[in-house]
Peer 1: 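Would you mind keeping the following structure in view while I ask a few things?
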Amino acid sequence: MMRFTLPRDIYYGKDSLEVLKTIKGKKAILVIGGGSMKRAGFVDKIIGYLKEAGIETKLFEGVEPDPSVETVMKGAAAMREFEPDLIVALGGGSPIDAAKAMWVFYEYPDTTFEEIIQPFSFPELRKKAKFIAISSTSGTATEVTAFSVITDYAKGIKYPLADFNITPDIAIVDPALVATLPPHLVAHTGMDALTHAIEAYVASARSDFSDPLALKAISDIYDSLIDSYYGDKDARGKMHIAQCLAGMAFSNALLGIAHSLAHKTGAMFDIPHGCCNAILLPSVIQYNAKVCADRYATIARMLGLTGNTDKQLTDALIDSIKELNKKLGIAQTYKENGVSEELFKQHIDEIAANAVLDPCTGSNPRKIDAEGMKKVLTCAY
Ligand code: FE
């Protein structure tokens with residue numbers, strides 16, 4: 001038996017934030033990050049809309065870029081005190097990821113991270129609150145996914161949480177929130193979204209439900225990412241939807257080794273997640289093509305790339321991704337991104353071994369061991 005899960009409702013397009021005026025509930029906790037959304041006036045707007053709906057709001061702010069166990073526990077304690085029936089999370093990936101984990105510890109105060117680390121092992125949520133996610137970047141798509149990443153800094157562990165219980169009830173995908181994103185963030189988050197879509201299209205858990213979402217996301221990202229990078233408003237809106245489609249695909253089809261390696265190299269070399277994916281994607285396609293060149297060829301044909309064989313079409317897809325990186329100002333290798341040969345050699349064994357254990361490795365279409373990971377990494381270097 002297979003399962004395909006998405007939010008109950010997705011509100012999208014111009015002024016979709018205003019749906020908050022019509023939400024049913026009594027008390028909402030609004031979880032946000034560092035304050036950019038506050039400065040841009042969106043926090044006041046949201047609190048105002050909820051007030052119109054007769055909902056009292058408490059603000060929980062200061063979720064850091066890679067949210068910690070401490071922040072999650074602090075948020076859960078604030079929720080237990082305030083007793084909201086709505087959790088509203090606003091931001092790029094982090095505040096939404098953190099709020100998803102807070103939700104678990106709000107409803108189940110006695111549970112531990114160790115108990116929920118096993119994928120799809122969560123207790124049943126929605127006993128106390130429903131969850132609304134509002135995305136302010138166009139990449140992670142955490143507003144529609146079953147995932148959250150929380151860091152235990154004391155133990156040096158990242159907990160990648162996965163369970164359909166934390167797929168939000170409502171996602172709001174309003175283009176106004178990404179209108180002023182700086183270009184380098186558009187580039188990195190956009191390449192993250194493209195990697196989500198391409199990995200989902202070839203992942204072992206792909207399905208007839210996820211395939212159309214992945215293909216449409218890839219097509220729309222190719223159509224709009226460059227213009228979005230240069231600030232075109234319509235393209236920003238199209239990218240915001242496309243990254244969400246990619247999220248709907250990968251939340252169910254899962255990902256592959258570009259993400260396994262991006263998780264480990266991002267932390268080790270201090271390179272943004274989307275930038276790591278952009279560096280890795282061509283080498284990963286090269287590696288996986290041995291078992292799914294036909295799938296890459298389908299993507300290439302859809303994009304209007306030319307070639308007579310699956311191999312030629314896969315090569316054309318790889319070239320087009322490198323071209324895209326170039327146009328977005330993303331240097332193609334780790335070396336060009338400032339990683340010294342010494343540092344790379346010093347850590348390659350450790351990165352490769354850890355990447356094999358990453359949850360995304362299990363759904364990669366081609367099996368891989370540490371030696372294989374080292375080869376892919378060396379290509380990307
Ligand atoms: Fe990602």
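The model shown is predicted, which means the values in this text are computed figures rather than measured ones. Atoms within each ligand, like the ligands themselves, are counted from 1 in listed order. Numbering of residues begins at 1 and proceeds along the displayed sequence.
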Peer 1: Under 3.5 Å, is there a donor on one side chain and an acceptor on the other for Ser121 and Glu115?
Peer 2: no

Peer 1: Both conditions, 6.0 Å and 45 degrees, for the charged tip of Lys335 above the ring of Phe344: are they met here?
Peer 2: no

Peer 1: Using a cut-off of 2.8 Å, how many protein N, O or S atoms sit around the Fe ion (ligand 1)?
Peer 2: 4

Peer 1: Just checking, Arg366 and Tyr287: is the charged tip under 6.0 Å from the six-membered ring centre and within 45° of the axis?
Peer 2: yes

Peer 1: Regarding His259 and His273, do their side chains bring together a donor and an acceptor under 3.5 Å, going by distance alone?
Peer 2: yes

Peer 1: For the residue pair Ser204 / Ser363, report whether a side-chain donor-acceptor contact shorter than 3.5 Å exists.
Peer 2: no

Peer 1: Looking only at the side chains, is there a donor atom on one of Lys100 and Thr142 sitting less than 3.5 Å from an acceptor on the other?
Peer 2: yes

